[in-house]
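Data block below; observations after.
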2 protein chains.
Amino acid sequence: MRRPDEGTTPAAGAAAVADADAASATPGRRERNKRDKQGRILAAAEDLFAERGYALVTTQDIADRADVAAGTLFRYASSKPELLLMVFNNEWRRALTGTRHDPTKADASLAPTDAIMALLLPLLTSAARHPENTAYYQREILCGEPTGTYRAEALELVDGLEATIATVLSGYGTETPGESERLRRGVDPALAARSIFSLLHLALIRCGLGREPMESLPDSLRTEIDLVLHGIVEQVPAATAEA
Amino acid sequence: MRRPDEGTTPAAGAAAVADADAASATPGRRERNKRDKQGRILAAAEDLFAERGYALVTTQDIADRADVAAGTLFRYASSKPELLLMVFNNEWRRALTGTRHDPTKADASLAPTDAIMALLLPLLTSAARHPENTAYYQREILCGEPTGTYRAEALELVDGLEATIATVLSGYGTETPGESERLRRGVDPALAARSIFSLLHLALIRCGLGREPMESLPDSLRTEIDLVLHGIVEQVPAATAEA
DNA sequence: ACTCAAAAATGAGCGTACTCCGTTATATTG
DNA sequence: CAATATAACGGAGTACGCTCATTTTTGAGT
């Protein structure tokens, strides 16, 4: 009755095998089979979503290509949306690795808008490759079943990125000589990061569903982020109030 | 083969009836039947969604309560999500009427944050009554089928409100004596309004799906709007850069 | 009043996501 | 190695959103 993913140590228990490493040592046939199927399912979903688009792929299609029964599929992902989340969590992780330089020593000479855009750029590149599926991905992240395993993973991913952005923003608080901008007093960096991500989510959805052309996304997102960074209104300098 | 909604004049054509008004005069049996069913369907959907929540209501349930056949339902709304949009467009219209004082002469003494919150408050009140369904409504507005009739209506509603907010923001450009804030140079009021709405959409979703308690919504939304209005970072005054 | 074309309603039927329980494969124990 | 327990699998079955061919209703023309 256990799901295959909710890990139990493979051949653990009384097994007196002196396995040094935690997970990967002597997985046992069962564990190997599971891993194998997991891999096949991931590959099948990846390929089919890419080929036909999320909406035109049936779970049966995926099961067939992965060479598992229809019912088995749902032991590895509890729903079709969860399959999408599984695939795209991978995609986003891939896109992000390498770009994720230590945020604490982010290039301070960069204007905050540019610093943040640099962090988000790989996601935009990925989105340009799969616009529609990316939109569905965003939808599931934002509105999906709260219980999904892969959705939880996606939320972690997003939270991580938000935290990174928050850290970058906080960096502008410590007055380094080169900087010309600093965090406004009373602003919660975490909340600020979340607001920026809100814009990203919805921009990706707009483009993915064709409400806005994909090419204009980097520019328009930059403009939006710049807006929230610097604000919509400003104080009227007491003296300057002309007329 | 025509949908009932794609209006044709009721008993129009060669009918020599000297009907003064356009739509409401002598509708003819057909038109009356349609209106009647439309009304029954709206009422049924409204009630059932409110009673059980969107997810737990089947289209069959709605058809039964409206006393129409299952197939007939889809002549009045092309999908289940469209039924939700139909219901909530009404709800939002109801919530907004009365509050929509002329934005061009909005109380200029009000800080922009308060002015905008005043416009959005009725929506928050409505959301508090149907948190989950409101979240689904937002989802459909943002991610729904681009072809839906009622979705188009919803987008118009939202666009209208955004335009109102944009107008309010523009108002802060014309330097009225009382004001202490003005629109920053180079800021597009329409884009600003859209960003604010992005925050609203996602805040409603977060609360509706239980990621945030409903009670805290007005406060937290206010904080977010305040953030985007006044910005996250500020220029470092050349002289003030201490240390 | 009768005919006829068009519009609307109907409900059986279809595709698909997901479930459930009987079967099979794997590990554990004596 | 046999017996047993349990995890994984399979695939027929189910529920539900939606479609479509057919039937019914409506209203204009004669």
Side-chain angles (χ1 to χ4, degrees), chain A residues 1-17 26-38 40-41 45 48 52 54-64 66-84 140 144-145 147-148, chain B residues 1-17 26-38 40-41 45 48 52 54-64 66-84 140 144-145 147-148:
Chain A
M1 273 299 149
R2 264 279 209 30
R3 310 316 272 322
D5 15 314
E6 305 169 9
T8 327
T9 10
V17 201
T26 324
R29 185 143 54 219
R30 217 172 211 162
E31 189 68 12
R32 264 180 303 150
N33 274 341
K34 275 193 322 189
R35 279 212 225 282
D36 197 44
K37 280 195 177 128
Q38 169 76 259
R40 264 149 46 211
I41 289 172
L48 284 169
R52 299 187 213 159
Y54 178 73
L56 296 182
V57 174
T58 70
T59 56
Q60 191 58 241
D61 291 335
I62 298 176
D64 288 348
D67 197 35
V68 297
T72 304
L73 194 64
F74 293 96
R75 300 184 52 76
Y76 288 83
S78 61
S79 67
K80 192 187 173 191
E82 277 282 290
L83 283 165
L84 183 71
E140 292 310 322
E145 286 294 312
T147 54
Chain B
M1 275 299 146
R2 264 279 210 28
R3 307 316 271 321
D5 14 316
E6 306 169 9
T8 327
T9 10
V17 200
T26 326
R29 184 145 53 219
R30 219 173 214 161
E31 189 66 12
R32 262 180 302 145
N33 273 340
K34 277 195 315 190
R35 279 212 225 283
D36 196 44
K37 277 190 179 137
Q38 169 76 259
R40 262 149 48 210
I41 289 171
L48 284 169
R52 300 186 211 159
Y54 178 72
L56 295 183
V57 174
T58 71
T59 55
Q60 193 57 244
D61 292 335
I62 298 176
D64 288 348
D67 196 35
V68 297
T72 305
L73 196 63
F74 293 95
R75 304 182 49 76
Y76 289 83
S78 61
S79 66
K80 193 188 174 191
E82 278 283 289
L83 283 165
L84 183 70
E140 291 310 323
E145 286 293 313
T147 55

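Note that the structure is a prediction, hence the values are computed from the model and not measured. Each chain gets a letter, A, B and so on, in the order its sequence line appears, and its residues count up from 1. Reckoned from all heavy atoms, side chains included, excluding hydrogens, waters and symmetry mates.
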N/O contacts under 3.5 Å, protein versus nucleotides 24-26 of chain C?
unit_1, atom_1, unit_2, atom_2, d
C:dT26, OP1, A:Asn33, ND2, 3.3

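- When each of C:dA17, C:dA9, D:dT19 is scored by its nearest atom to the side-chain atoms of B:Phe74, the top-ranked nucleotide is D:dT19.
- Annotation: the span from A:Leu83 atom CG to A:Thr59 atom OG1 amounts to 8.0 Å, rounded to 0.5 Å.
- Nearest heavy-atom pair across B:Ala63 and B:Ala70 is CB-CA, 4.0 Å.
- Among the nucleotides C:dC18, D:dC9, C:dG11, the one closest to any side-chain atom of B:Ala69 is C:dG11.
- Here the closest heavy-atom approach between residue A:Glu82 and residue A:Gly148 is recorded as OE2-CA, 3.3 Å.
- Phosphate proximity of D:dC9 to A:Lys37: present, with a side-chain N or O under 4.0 Å from OP1 or OP2.
- Within the 4.0 Å cut-off from OP1 or OP2 of D:dG17, at least one side-chain nitrogen or oxygen of B:Thr59 is found.
- Minimum atom distance to the side chain of B:Val68 is reached by C:dT10, of the listed C:dT10, D:dC18, C:dA17.
- Atoms CZ (B:Arg40) and C1' (C:dA8) sit 13 Å apart, rounded to a whole Å.
- Residues A:Lys34 and A:Tyr76 have side chains in contact (heavy-atom distance under 4.5 Å, counting atoms from C-beta outward).
- Closest to the side chain of A:Pro81, out of C:dC18, D:dC9, C:dA9, is C:dC18.
- A straight line from CG of A:Asp64 to P of C:dG15 spans 15 Å, rounded to a whole angstrom.
- Rounded to whole Å, the distance from CG on B:Leu73 to P on D:dG17 is 10 Å.
- The interatomic distance linking A:Gln60 (CD) with C:dT19 (P) rounds to 15 Å, in whole Å.
- Atom P of nucleotide D:dT24 and atom NZ of B:Lys34 are separated by 22 Å, given to the nearest angstrom.
- Judged as a side chain to side chain contact (heavy atoms under 4.5 Å, CB included), and not counting sequence neighbours, the contacts of B:Ala66 are B:Arg40, B:Ile41, B:Ala44, B:Val68.
- Under the 6.0 Å distance and 45° angle rule, B:Lys80 does not count as a cation-pi partner of B:Phe74.
- The NZ atom of A:Lys80 sits 5 Å away from the P atom of C:dA17 (whole-angstrom rounding).
- Rounding to whole angstrom units, OH of residue B:Tyr76 and C1' of C:dT10 are separated by 12 Å.
- Relative to the side chain of B:Ser79, the nucleotides C:dA8, D:dC9, D:dC18 differ in distance, and D:dC18 lies closest.
- One can place CD of A:Gln38 at 11 Å from P of D:dC9, the figure rounded to the nearest angstrom.
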Using a cutoff of under 3.5 Å, can you pull out all pairs of nitrogen or oxygen atoms linking the protein to nucleotides 12-14 of chain C, with atom names and distances?
none

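- Here B:Asp61 pairs with B:Leu48, B:Arg52, B:Val57, B:Thr58 under the side chain to side chain contact (heavy atoms under 4.5 Å, CB included) rule; sequence neighbours left out.
- Heavy atoms of A:Thr72 sit under 4.0 angstrom from at least one base atom.
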